[in-house]
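The next block holds one structure in the form of C-alpha coordinates; read it before the comments.
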Amino acid sequence: MSRNILSLDFYGGEITAALAALDEETSTLRLRHVLRRPTRAFSGAFVRDMQGAQEEISAIFSEISQYVSIDPSVVIGLRGNFLSFKRASGFNTVDSRNKIIGEREMQSAIKNSIPPNLSETLDVVDILPQTYTIEGNTGIKNPKGLMGLTLEVETFLSCALVTHLNNLYNALAASGCSEYQVLPTGIALGETLARPEERQAGVLVLDIGQNAVSALMYHKDALMDAWELPFGRDAIAQAVADLLQNDLETAREVLKDYEPGTDDIMDDVLEDAAAKLLQDIKKELLRSLLFLSYPPTRLVLCGEAADKNLLKTAKQIFGVRKARLASFDDLIADCPADEPVYCGAVSLLMHTLEREQKRLGVAQTKETGLLDGLLDKLGLSELF
(Lines give C-alpha, C1' and ligand atoms only; values in the text may rest on other atoms or scores of the structure.)
Protein backbone atom coordinates (compact mmCIF):
# COMPACT_ATOMS: atom_id res chain seq x y z
CA MET A 1 0.00 0.00 0.00
CA SER A 2 1.50 3.33 -1.04
CA ARG A 3 0.64 6.88 -0.10
CA ASN A 4 1.59 10.15 -1.80
CA ILE A 5 2.91 13.07 0.24
CA LEU A 6 3.51 16.58 -1.07
CA SER A 7 5.47 19.34 0.67
CA LEU A 8 5.46 23.03 -0.21
CA ASP A 9 8.27 25.13 1.23
CA PHE A 10 7.76 28.91 1.01
CA TYR A 11 11.45 29.63 0.63
CA GLY A 12 12.25 33.34 0.42
CA GLY A 13 11.52 34.55 -3.10
CA GLU A 14 10.44 31.17 -4.41
CA ILE A 15 8.44 28.07 -3.62
CA THR A 16 10.04 24.64 -3.66
CA ALA A 17 8.01 21.43 -3.62
CA ALA A 18 8.70 17.72 -3.24
CA LEU A 19 6.35 14.85 -4.05
CA ALA A 20 7.10 11.45 -2.55
CA ALA A 21 5.51 8.02 -2.41
CA LEU A 22 5.55 6.19 0.92
CA ASP A 23 5.47 2.40 0.95
CA GLU A 24 3.62 1.92 4.23
CA GLU A 25 4.58 -1.76 4.53
CA THR A 26 8.33 -1.07 4.42
CA SER A 27 8.24 2.61 5.53
CA THR A 28 10.30 3.43 2.44
CA LEU A 29 10.03 6.96 1.05
CA ARG A 30 10.76 7.49 -2.67
CA LEU A 31 10.94 11.02 -4.03
CA ARG A 32 9.14 11.20 -7.35
CA HIS A 33 9.28 14.86 -8.35
CA VAL A 34 10.72 18.17 -7.15
CA LEU A 35 10.20 21.66 -8.46
CA ARG A 36 11.08 25.26 -7.69
CA ARG A 37 9.23 28.34 -8.86
CA PRO A 38 10.12 32.01 -8.39
CA THR A 39 7.27 33.94 -6.84
CA ARG A 40 6.32 37.58 -6.75
CA ALA A 41 3.16 37.07 -4.72
CA PHE A 42 4.96 35.72 -1.62
CA SER A 43 7.81 36.77 0.63
CA GLY A 44 8.49 33.58 2.50
CA ALA A 45 4.99 32.47 3.51
CA PHE A 46 3.80 36.08 3.71
CA VAL A 47 1.20 36.83 1.02
CA ARG A 48 1.88 40.08 -0.84
CA ASP A 49 -0.73 39.67 -3.59
CA MET A 50 -3.76 37.42 -3.03
CA GLN A 51 -4.68 36.95 -6.70
CA GLY A 52 -1.07 36.30 -7.66
CA ALA A 53 -0.66 33.87 -4.75
CA GLN A 54 -3.66 31.87 -5.90
CA GLU A 55 -2.31 31.66 -9.44
CA GLU A 56 1.18 30.63 -8.35
CA ILE A 57 -0.04 27.90 -6.01
CA SER A 58 -2.52 26.62 -8.61
CA ALA A 59 0.30 26.37 -11.18
CA ILE A 60 2.29 24.18 -8.79
CA PHE A 61 -0.67 21.90 -8.11
CA SER A 62 -1.29 21.68 -11.84
CA GLU A 63 2.21 20.31 -12.39
CA ILE A 64 1.98 17.95 -9.42
CA SER A 65 -1.37 16.57 -10.64
CA GLN A 66 0.49 14.96 -13.55
CA TYR A 67 2.22 12.62 -11.09
CA VAL A 68 -0.61 11.60 -8.72
CA SER A 69 -3.90 9.78 -9.14
CA ILE A 70 -4.91 9.54 -5.49
CA ASP A 71 -5.17 12.14 -2.75
CA PRO A 72 -1.74 13.21 -1.43
CA SER A 73 -1.13 14.34 2.10
CA VAL A 74 0.09 17.94 2.03
CA VAL A 75 2.60 19.62 4.33
CA ILE A 76 3.03 23.38 4.19
CA GLY A 77 6.43 24.69 5.30
CA LEU A 78 6.37 28.14 6.91
CA ARG A 79 9.27 30.55 6.69
CA GLY A 80 9.46 34.25 7.43
CA ASN A 81 10.07 36.72 10.21
CA PHE A 82 6.38 36.59 11.22
CA LEU A 83 7.36 33.37 13.01
CA SER A 84 8.55 33.39 16.61
CA PHE A 85 9.83 30.61 18.85
CA LYS A 86 9.72 29.87 22.58
CA ARG A 87 10.77 27.17 25.03
CA ALA A 88 7.96 26.17 27.40
CA SER A 89 6.79 23.47 29.81
CA GLY A 90 3.46 21.80 30.51
CA PHE A 91 2.02 19.62 33.29
CA ASN A 92 -0.55 16.89 33.56
CA THR A 93 -1.76 15.23 36.76
CA VAL A 94 -2.60 11.55 36.34
CA ASP A 95 -6.06 10.82 37.77
CA SER A 96 -5.24 7.44 39.31
CA ARG A 97 -2.31 6.17 41.39
CA ASN A 98 -2.09 3.01 39.27
CA LYS A 99 -2.70 4.77 35.97
CA ILE A 100 -0.21 4.03 33.24
CA ILE A 101 0.81 7.11 31.26
CA GLY A 102 -0.48 6.96 27.69
CA GLU A 103 -1.12 9.14 24.66
CA ARG A 104 -3.91 11.12 26.35
CA GLU A 105 -1.76 12.15 29.30
CA MET A 106 1.18 13.02 27.05
CA GLN A 107 -0.93 15.12 24.67
CA SER A 108 -2.59 16.88 27.61
CA ALA A 109 0.79 17.87 29.07
CA ILE A 110 2.02 19.01 25.64
CA LYS A 111 -1.02 21.21 25.01
CA ASN A 112 -0.80 22.62 28.55
CA SER A 113 2.62 24.04 27.65
CA ILE A 114 0.92 26.81 25.65
CA PRO A 115 1.15 29.92 27.85
CA PRO A 116 -2.31 31.14 28.94
CA ASN A 117 -1.19 34.73 28.37
CA LEU A 118 -0.12 34.17 24.76
CA SER A 119 -0.90 37.24 22.68
CA GLU A 120 -4.14 37.14 20.69
CA THR A 121 -2.14 38.23 17.65
CA LEU A 122 -0.28 34.90 17.67
CA ASP A 123 -1.31 31.36 16.83
CA VAL A 124 0.67 28.27 17.84
CA VAL A 125 1.46 26.30 14.68
CA ASP A 126 3.68 23.62 16.21
CA ILE A 127 4.53 22.15 19.59
CA LEU A 128 7.64 19.97 19.64
CA PRO A 129 8.07 17.91 22.85
CA GLN A 130 11.67 17.40 23.93
CA THR A 131 11.94 15.64 27.29
CA TYR A 132 9.57 14.54 30.05
CA THR A 133 9.79 14.51 33.83
CA ILE A 134 7.89 12.02 36.04
CA GLU A 135 7.89 12.53 39.81
CA GLY A 136 11.09 14.61 39.57
CA ASN A 137 12.89 12.12 37.31
CA THR A 138 14.13 14.21 34.38
CA GLY A 139 15.41 13.46 30.89
CA ILE A 140 12.75 10.90 29.93
CA LYS A 141 12.36 10.73 26.16
CA ASN A 142 9.22 8.57 26.02
CA PRO A 143 7.05 8.23 29.15
CA LYS A 144 4.44 6.02 27.49
CA GLY A 145 3.84 2.90 29.59
CA LEU A 146 5.44 4.33 32.73
CA MET A 147 3.54 5.10 35.96
CA GLY A 148 3.45 8.34 37.95
CA LEU A 149 1.11 10.94 39.38
CA THR A 150 2.63 14.00 37.71
CA LEU A 151 3.92 14.37 34.17
CA GLU A 152 5.87 17.40 32.96
CA VAL A 153 7.10 18.03 29.43
CA GLU A 154 9.62 20.50 28.04
CA THR A 155 8.46 21.79 24.65
CA PHE A 156 9.53 24.10 21.86
CA LEU A 157 6.69 26.29 20.57
CA SER A 158 6.49 27.81 17.10
CA CYS A 159 4.08 30.74 16.78
CA ALA A 160 3.01 32.93 13.87
CA LEU A 161 1.06 36.13 13.41
CA VAL A 162 -2.61 35.23 12.95
CA THR A 163 -3.17 37.76 10.15
CA HIS A 164 -0.29 36.37 8.09
CA LEU A 165 -1.45 32.79 8.64
CA ASN A 166 -5.02 33.60 7.62
CA ASN A 167 -3.84 35.25 4.42
CA LEU A 168 -1.86 32.13 3.56
CA TYR A 169 -4.79 29.85 4.41
CA ASN A 170 -7.10 31.95 2.22
CA ALA A 171 -4.67 31.75 -0.69
CA LEU A 172 -4.46 27.96 -0.33
CA ALA A 173 -8.25 27.63 -0.10
CA ALA A 174 -8.70 29.81 -3.20
CA SER A 175 -6.37 27.40 -5.00
CA GLY A 176 -8.54 24.44 -4.01
CA CYS A 177 -6.28 23.23 -1.18
CA SER A 178 -8.18 22.88 2.08
CA GLU A 179 -6.55 19.92 3.85
CA TYR A 180 -2.96 20.21 4.95
CA GLN A 181 -0.57 20.21 7.87
CA VAL A 182 1.46 23.30 8.75
CA LEU A 183 5.02 23.13 10.09
CA PRO A 184 7.89 25.63 10.36
CA THR A 185 10.46 24.48 7.80
CA GLY A 186 13.32 25.40 10.11
CA ILE A 187 12.16 22.91 12.74
CA ALA A 188 11.99 20.16 10.11
CA LEU A 189 15.50 21.01 8.92
CA GLY A 190 17.01 20.80 12.38
CA GLU A 191 15.21 17.62 13.36
CA THR A 192 16.16 15.73 10.19
CA LEU A 193 19.63 17.08 9.33
CA ALA A 194 21.33 17.41 12.71
CA ARG A 195 22.75 14.09 13.87
CA PRO A 196 22.24 12.90 17.47
CA GLU A 197 25.90 13.36 18.39
CA GLU A 198 25.83 16.89 16.93
CA ARG A 199 22.73 17.86 18.87
CA GLN A 200 24.34 16.55 22.05
CA ALA A 201 27.59 18.45 21.45
CA GLY A 202 25.84 21.68 20.47
CA VAL A 203 25.15 22.45 16.82
CA LEU A 204 23.95 25.35 14.72
CA VAL A 205 21.89 24.40 11.66
CA LEU A 206 22.03 27.21 9.12
CA ASP A 207 19.89 27.27 5.97
CA ILE A 208 20.76 30.18 3.65
CA GLY A 209 18.42 30.92 0.78
CA GLN A 210 18.21 33.68 -1.80
CA ASN A 211 16.76 36.27 0.57
CA ALA A 212 15.98 34.32 3.75
CA VAL A 213 17.86 32.48 6.49
CA SER A 214 16.51 29.81 8.84
CA ALA A 215 18.69 28.92 11.84
CA LEU A 216 18.34 26.51 14.76
CA MET A 217 20.60 25.83 17.74
CA TYR A 218 20.81 22.65 19.83
CA HIS A 219 22.58 22.05 23.14
CA LYS A 220 22.68 18.72 24.98
CA ASP A 221 20.15 17.26 22.56
CA ALA A 222 17.62 20.03 23.23
CA LEU A 223 16.40 22.61 20.71
CA MET A 224 17.37 25.88 22.38
CA ASP A 225 16.44 28.62 19.92
CA ALA A 226 15.42 29.32 16.33
CA TRP A 227 15.52 32.35 14.04
CA GLU A 228 14.02 33.52 10.75
CA LEU A 229 16.07 36.29 9.14
CA PRO A 230 15.00 38.39 6.13
CA PHE A 231 18.26 38.35 4.15
CA GLY A 232 20.38 35.77 2.38
CA ARG A 233 22.42 34.97 -0.70
CA ASP A 234 21.24 38.13 -2.48
CA ALA A 235 23.64 40.03 -0.24
CA ILE A 236 26.48 38.24 -2.04
CA ALA A 237 24.89 38.81 -5.44
CA GLN A 238 24.45 42.52 -4.64
CA ALA A 239 28.19 42.84 -3.99
CA VAL A 240 28.86 41.33 -7.41
CA ALA A 241 26.27 43.64 -8.97
CA ASP A 242 28.02 46.65 -7.45
CA LEU A 243 31.38 45.46 -8.78
CA LEU A 244 30.07 44.86 -12.28
CA GLN A 245 27.79 47.92 -12.17
CA ASN A 246 24.85 45.72 -13.12
CA ASP A 247 21.47 44.97 -11.62
CA LEU A 248 20.77 42.16 -9.16
CA GLU A 249 19.24 39.77 -11.71
CA THR A 250 22.29 40.05 -13.97
CA ALA A 251 24.58 39.38 -11.01
CA ARG A 252 22.58 36.25 -10.14
CA GLU A 253 23.02 34.96 -13.68
CA VAL A 254 26.76 35.63 -13.54
CA LEU A 255 27.07 33.70 -10.28
CA LYS A 256 25.19 30.71 -11.70
CA ASP A 257 27.89 30.11 -14.30
CA TYR A 258 30.92 31.37 -12.40
CA GLU A 259 33.67 28.91 -11.52
CA PRO A 260 35.75 29.89 -8.44
CA GLY A 261 39.41 30.38 -9.24
CA THR A 262 38.90 31.76 -12.73
CA ASP A 263 39.11 35.44 -11.72
CA ASP A 264 41.07 36.70 -8.71
CA ILE A 265 39.11 39.93 -8.36
CA MET A 266 35.77 38.14 -8.49
CA ASP A 267 37.01 35.56 -5.99
CA ASP A 268 38.01 38.33 -3.54
CA VAL A 269 34.64 40.05 -3.94
CA LEU A 270 32.76 36.81 -3.33
CA GLU A 271 34.87 35.96 -0.29
CA ASP A 272 34.36 39.40 1.26
CA ALA A 273 30.62 39.40 0.49
CA ALA A 274 30.15 35.90 1.96
CA ALA A 275 32.06 36.91 5.10
CA LYS A 276 29.88 40.01 5.52
CA LEU A 277 26.68 37.97 5.11
CA LEU A 278 27.81 35.47 7.73
CA GLN A 279 28.88 38.24 10.09
CA ASP A 280 25.42 39.80 9.74
CA ILE A 281 23.82 36.44 10.54
CA LYS A 282 26.06 35.98 13.58
CA LYS A 283 25.23 39.50 14.76
CA GLU A 284 21.52 38.64 14.75
CA LEU A 285 22.08 35.35 16.57
CA LEU A 286 24.13 37.08 19.26
CA ARG A 287 20.98 38.94 20.30
CA SER A 288 19.83 35.66 21.86
CA LEU A 289 20.90 35.05 25.46
CA LEU A 290 20.73 31.31 24.78
CA PHE A 291 23.21 31.66 21.90
CA LEU A 292 25.56 33.59 24.20
CA SER A 293 25.12 31.04 26.98
CA TYR A 294 25.55 27.92 24.84
CA PRO A 295 27.72 28.79 21.81
CA PRO A 296 27.59 25.89 19.34
CA THR A 297 30.70 23.83 18.66
CA ARG A 298 29.44 22.37 15.38
CA LEU A 299 27.81 23.71 12.23
CA VAL A 300 25.56 22.14 9.60
CA LEU A 301 25.12 24.30 6.49
CA CYS A 302 22.31 23.82 3.98
CA GLY A 303 20.10 25.73 1.57
CA GLU A 304 20.52 27.30 -1.83
CA ALA A 305 23.74 29.11 -0.91
CA ALA A 306 25.44 26.08 0.67
CA ASP A 307 28.78 25.17 -0.86
CA LYS A 308 32.30 24.30 0.30
CA ASN A 309 33.61 27.86 0.02
CA LEU A 310 30.81 29.28 2.19
CA LEU A 311 31.24 26.40 4.64
CA LYS A 312 34.92 27.21 5.11
CA THR A 313 34.19 30.87 5.80
CA ALA A 314 31.29 30.01 8.12
CA LYS A 315 33.45 27.68 10.18
CA GLN A 316 35.93 30.51 10.81
CA ILE A 317 33.35 33.18 11.58
CA PHE A 318 31.28 31.05 13.97
CA GLY A 319 34.39 29.54 15.55
CA VAL A 320 33.14 25.95 15.51
CA ARG A 321 35.34 22.86 15.72
CA LYS A 322 33.49 20.89 13.07
CA ALA A 323 31.37 21.94 10.10
CA ARG A 324 29.76 20.07 7.24
CA LEU A 325 27.33 20.45 4.38
CA ALA A 326 23.96 18.89 5.12
CA SER A 327 22.96 15.67 3.41
CA PHE A 328 20.14 13.15 3.62
CA ASP A 329 21.43 9.62 4.18
CA ASP A 330 20.08 6.86 1.96
CA LEU A 331 17.85 9.20 -0.02
CA ILE A 332 15.86 7.30 -2.67
CA ALA A 333 14.93 9.65 -5.48
CA ASP A 334 13.84 9.57 -9.10
CA CYS A 335 14.67 13.28 -9.42
CA PRO A 336 17.51 15.68 -8.42
CA ALA A 337 16.22 16.03 -4.86
CA ASP A 338 19.72 16.16 -3.36
CA GLU A 339 20.29 19.72 -4.62
CA PRO A 340 20.76 22.08 -1.64
CA VAL A 341 17.74 24.22 -2.56
CA TYR A 342 15.40 21.28 -1.89
CA CYS A 343 16.63 20.63 1.68
CA GLY A 344 13.60 22.31 3.19
CA ALA A 345 10.99 20.55 1.07
CA VAL A 346 12.58 17.13 1.64
CA SER A 347 13.04 17.70 5.37
CA LEU A 348 9.34 18.55 5.69
CA LEU A 349 8.42 15.14 4.26
CA MET A 350 10.83 13.25 6.49
CA HIS A 351 9.98 15.13 9.66
CA THR A 352 6.25 14.72 9.14
CA LEU A 353 6.57 10.96 8.69
CA GLU A 354 8.84 10.64 11.70
CA ARG A 355 6.34 12.47 13.86
CA GLU A 356 3.49 10.37 12.59
CA GLN A 357 5.37 7.17 13.39
CA LYS A 358 6.27 8.37 16.89
CA ARG A 359 2.91 10.15 17.40
CA LEU A 360 5.04 13.09 18.39
CA GLY A 361 3.76 16.54 19.30
CA VAL A 362 1.04 18.77 17.97
CA ALA A 363 1.10 20.46 14.57
CA GLN A 364 -1.63 22.66 13.17
CA THR A 365 -3.81 20.83 10.65
CA LYS A 366 -6.43 22.10 8.26
CA GLU A 367 -8.94 19.50 7.16
CA THR A 368 -11.77 19.20 4.68
CA GLY A 369 -10.95 17.61 1.30
CA LEU A 370 -7.92 18.22 -0.79
CA LEU A 371 -7.23 16.73 -4.17
CA ASP A 372 -10.88 16.73 -5.24
CA GLY A 373 -10.93 20.48 -4.70
CA LEU A 374 -7.63 20.92 -6.50
CA LEU A 375 -8.68 18.86 -9.47
CA ASP A 376 -11.99 20.66 -9.71
CA LYS A 377 -10.16 23.96 -9.62
CA LEU A 378 -7.84 22.79 -12.39
CA GLY A 379 -10.63 21.18 -14.43
CA LEU A 380 -9.02 17.74 -14.09
CA SER A 381 -11.47 15.94 -11.81
CA GLU A 382 -12.87 13.76 -14.60
CA LEU A 383 -9.41 12.32 -15.29
CA PHE A 384 -9.21 10.49 -11.97
Notebook entry, point to check: Can you name the nearest heavy-atom pair linking Thr192 to Ser347, along with the distance?
Noted result: OG1-CB, 3.2 Å
Notebook entry, point to check: Judged by atom type as modelled, is there a donor-acceptor pair below 3.5 Å linking the side chain of Ser175 to the main-chain atoms of Gln54?
Noted result: yes
Margin query: Ignoring hydrogens, what is the shortest heavy-atom contact between Ala326 and Leu193? Give both atom names and the distance.
Written below: CB-CD1, 3.7 Å
Check: Considering the options Val68, Ile64, Ile60, which one meets the side-chain contact (heavy atoms from CB on, under 4.5 Å) requirement together with Leu6?
Finding: Ile64
Notebook entry, point to check: Taking C-beta and beyond as the side chain, do Cys159 and Leu118 meet within less than 4.5 Å on heavy atoms?
Noted result: yes
Check: Is the Tyr180 ring parallel, tilted or perpendicular to the Tyr169 ring (thresholds 30°, 60°)?
Finding: tilted
Notebook entry, point to check: Can you check salt bridge (charged side-chain N to carboxylate O under 4.0 Å, His left out) on Glu198 and Arg324, steps first, answer last?
Noted result: CA-CA 11 Å; Glu198 292 172 333; Arg324 67 177 178 88; 2.7 Å; yes
Next item on the list: Not counting sequence neighbours, list each pair that qualifies as a salt bridge (charged side-chain N to carboxylate O under 4.0 Å, His left out) and has a residue in residues 218-231.
Entry: Lys141-Asp221, Arg199-Asp221
Notebook entry, point to check: What pairs with Arg321 under salt bridge (charged side-chain N to carboxylate O under 4.0 Å, His left out), at least two apart in sequence or on another chain?
Noted result: none
Item checked: Backbone of Asn246 reached by a side-chain donor or acceptor of Thr250 within 3.5 Å -> no
Note to self: Can you give me the closest heavy-atom contact between Lys315 and Leu299, atom names plus distance?
What the structure shows: N-CD2, 4.3 Å
Next item on the list: Locate the shortest heavy-atom distance separating Glu179 from Val74; write the atom from each residue and the value.
Entry: O-CB, 3.9 Å
Item checked: Close side-chain approach of Ile5 to Thr352, heavy-atom, < 4.5 Å -> no
Item checked: Any donor-acceptor N/O pair, Asp234 side chain to Ala237 backbone, under 3.5 Å -> no
Notebook entry, point to check: Would you find more than 12 non-hydrogen atoms of other residues, nucleotides or ligands less than 6.0 Å from Gln130 atom CD?
Noted result: yes
Notebook entry, point to check: What heavy-atom pair brings Ile236 and Ala273 nearest, and what distance separates the two atoms?
Noted result: CA-CB, 3.9 Å
Notebook entry, point to check: If we only count heavy atoms from C-beta on, is the Leu161 to Leu165 side-chain gap below 4.5 Å?
Noted result: no
Checklist line | Criterion side-chain hydrogen bond (donor to acceptor under 3.5 Å, both in side chains) on Arg87 and Thr155, from CA distance to verdict | finding: CA-CA 6 Å; Arg87 290 169 58 82; Thr155 64; over 6 Å; no
Checklist line | 4.5 Å side-chain heavy-atom contact, Thr16 and Leu35 | finding: no
Margin query: Would the distance check show the side chain of Thr133 and the main-chain N or O of Gly136 forming a donor-acceptor pair, the cut-off being under 3.5 Å?
Written below: no
Notebook entry, point to check: In terms of hydrophobic clusters joined by side-chain contacts under 4.5 Å, are Val269 and Leu248 together?
Noted result: no
Next item on the list: Using only heavy-atom distances, determine whether the side chains of Ser108 and Asn92 contain a donor-acceptor pair under 3.5 Å.
Entry: yes
Check: Does Ile332 reach the side chain of Leu31, with side-chain heavy atoms less than 4.5 Å apart?
Finding: no
Check: Under the 3.5 angstrom rule, does the side chain of Asn112 hit a backbone N or O of Phe91 as a donor-acceptor pair?
Finding: yes
Note to self: Evaluate Glu253 against Tyr258 for side-chain hydrogen bond (donor to acceptor under 3.5 Å, both in side chains), listing each step before the verdict.
What the structure shows: CA-CA 9 Å; Glu253 291 301 318; Tyr258 181 71; over 6 Å; no
Note to self: Taking the side chain as everything from C-beta on, heavy atoms only, tell me whether Gln238 gets closer than 4.5 Å to Val240.
What the structure shows: no
Checklist line | Summary of salt bridge (charged side-chain N to carboxylate O under 4.0 Å, His left out) pairs that have at least one residue in residues 34-45, sequence neighbours excluded | finding: Glu14-Arg36, Arg36-Glu304, Arg37-Glu63
Next item on the list: With rounding to the nearest 0.5 Å, note down the distance linking CG in Leu349 to CG in Leu22.
Entry: 10.0 Å
Margin query: Looking at Leu149, is its backbone amide N or carbonyl O close enough to the side chain of Glu135 to form a donor-acceptor pair, meaning the two atoms are under 3.5 Å apart?
Written below: yes
Margin query: Can a side-chain donor-acceptor contact be found between Asn166 and Thr163 if the only test is distance below 3.5 angstrom?
Written below: no
Margin query: Does either side chain, that of Thr185 or that of Asp9, offer a donor lying less than 3.5 Å from an acceptor on the other one?
Written below: yes
Next item on the list: Verify side chain to side chain contact (heavy atoms under 4.5 Å, CB included) between Leu310 and Asp307, making sure each step is shown before the conclusion.
Entry: CA-CA 6 Å; Leu310 191 68; Asp307 59 31; 3.3 Å; yes
Note to self: Please evaluate residues Phe291 and Trp227 with respect to the criterion side chain to side chain contact (heavy atoms under 4.5 Å, CB included), reporting the C-alpha separation (whole Å), side-chain torsions for both, the decisive distance (0.1 Å), and the verdict.
What the structure shows: CA-CA 11 Å; Phe291 187 87; Trp227 302 263; 4.1 Å; yes
Check: In terms of side-chain geometry, is the basic nitrogen of Lys276 or Asp280 positioned less than 4.0 Å from the acidic oxygen of its partner?
Finding: yes
Next item on the list: Hey, could you give me the CG/CG distance between Leu183 and Leu189, rounded to the nearest 0.5 Å?
Entry: 11.5 Å
Check: Relative to each other, are the rings of Phe156 and Phe85 parallel, tilted or perpendicular (30° and 60° limits)?
Finding: parallel
Checklist line | Any donor-acceptor N/O pair, Asp267 side chain to Gly261 backbone, under 3.5 Å | finding: yes
Note to self: Between Asn309 and Leu270, does the side chain to side chain contact (heavy atoms under 4.5 Å, CB included) criterion hold? Intermediate values first, please.
What the structure shows: CA-CA 10 Å; Asn309 292 326; Leu270 290 174; over 6 Å; no
Next item on the list: Please step through salt bridge (charged side-chain N to carboxylate O under 4.0 Å, His left out) for the pair Arg3 and Glu356, ending with a clear verdict.
Entry: CA-CA 13 Å; Arg3 165 189 167 200; Glu356 285 180 2; 3.0 Å; yes
Note to self: Apply side chain to side chain contact (heavy atoms under 4.5 Å, CB included) to residues Leu157 and Ser113 and explain how you reach the verdict.
What the structure shows: CA-CA 8 Å; Leu157 305 181; Ser113 69; 3.8 Å; yes
Checklist line | Nearest-0.5 Å distance that lies between atom CG in Leu122 and atom CD1 in Ile114 | finding: 11.5 Å
Check: Just by modelled atom types, is the Gly102 backbone N or O under 3.5 Å from a matching donor or acceptor in the Glu105 side chain?
Finding: yes
Next item on the list: Would you indicate whether Phe328, at its atom CZ, is surrounded by more than 12 heavy atoms from other residues, nucleotides or ligands within a distance under 6.0 Å?
Entry: yes
Next item on the list: Walk me through it: do Tyr11 and Asp207 pass the test side-chain hydrogen bond (donor to acceptor under 3.5 Å, both in side chains)?
Entry: CA-CA 10 Å; Tyr11 192 24; Asp207 181 286; 2.7 Å; yes
Check: Side chains of Thr297 and Val320: closer than 4.5 Å at any heavy-atom pair?
Finding: no
Check: Heavy-atom distance under 4.5 Å between the side chains of Glu259 and Thr262, does that happen here?
Finding: yes
Notebook entry, point to check: Only one of Ile140, Ile134, Ile110 clears side-chain contact (heavy atoms from CB on, under 4.5 Å) with Leu151; which?
Noted result: Ile134
Next item on the list: Can you establish whether the number of heavy atoms outside Glu197 located under 6.0 Å from its atom CD is more than 12?
Entry: yes
Note to self: Heavy-atom count check: over 12 atoms from other residues, nucleotides or ligands less than 6.0 Å from Lys282 NZ?
What the structure shows: yes
Notebook entry, point to check: Is there a donor-acceptor contact under 3.5 Å from the side chain of Ser293 to the main chain of Leu289?
Noted result: yes
Next item on the list: Please check if atom CG in Leu292 has more than 12 non-hydrogen atoms from other residues, nucleotides or ligands closer than 6.0 Å.
Entry: yes
